[in-house]
Asker: 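Below: one structure in structure tokens.
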Amino acid sequence: AVLHIRKQYEAYTDYCERAARYIRENCLSVEVNQILPEDWDKIYQAALCPQVTMEDIAAAMRLYF
């Protein structure tokens, strides 16, 4: 169980590092040397679309199919 939790943690930190690198390289107009932990939540929320609901899916299907 401890090994599994450690692997999850390592996968999450790898994800965060890759996401930060992608944001720095592709989404920012100025060079940023460091993204601080307090910045991460704002960046994460801005980068993600709102949670998709079943109503959203139904509306999209009505519109396109």
Side-chain angles (χ1 to χ4, degrees):
V2 173
L3 180 59
H4 177 71
I5 292 170
R6 182 176 179 97
K7 285 184 179 183
Q8 282 183 316
Y9 175 79
E10 289 172 356
Y12 182 70
T13 56
D14 181 55
Y15 163 77
C16 290
E17 289 170 5
R18 286 185 290 118
R21 185 178 333 112
Y22 177 84
I23 290 167
R24 279 194 302 272
E25 292 172 359
N26 299 294
C27 302
L28 299 175
S29 59
V30 295
E31 186 173 327
V32 176
N33 293 326
Q34 184 178 15
I35 295 176
L36 302 175
E38 55 269 16
D39 299 331
W40 177 247
D41 188 50
K42 293 175 189 170
I43 293 168
Y44 189 75
Q45 294 304 319
L48 294 179
C49 68
Q51 186 172 0
V52 178
T53 64
M54 290 304 290
E55 292 81 21
D56 295 330
I57 294 169
M61 292 190 75
R62 281 192 302 275
L63 192 65
Y64 295 104
F65 297 102

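Note that the numbering runs from 1 along the sequence shown for the chain. Being a predicted model, the structure only gives us computed values, none of them experimental.
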Asker: Tell me, please, which residues at least two apart from Asn26 pass side chain to side chain donor-acceptor pair (under 3.5 Å).
Answerer: none

Asker: Apply side-chain contact (heavy atoms from CB on, under 4.5 Å) to Glu38 and list each qualifying residue two or more places apart in sequence or on a separate chain.
Answerer: Leu36

Asker: Applying side chain to side chain donor-acceptor pair (under 3.5 Å), name anything that partners Glu25, two or more places apart in sequence or on another chain.
Answerer: none

Asker: Can you list, pair by pair, the side-chain donor-acceptor contacts under 3.5 Å of residues 56-65, counting residues two or more places apart and other chains?
Answerer:
unit_1, atom_1, unit_2, atom_2, d
Asp56, OD2, Thr53, N, 3.1
Asp56, OD2, Thr53, OG1, 3.1

Asker: Scan for salt bridge (charged side-chain N to carboxylate O under 4.0 Å, His left out) pairs involving residues 13-23, sequence neighbours excluded, and state none if there are none.
Answerer: Asp14-Arg18

Asker: Not counting sequence neighbours, which residues clear side chain to side chain donor-acceptor pair (under 3.5 Å) with Glu10? List them please.
Answerer: Arg6

Asker: Please give the remaining members of the hydrophobic cluster of Tyr22, linking ILVMFWY side chains under 4.5 Å, ordered by chain and number.
Answerer: none

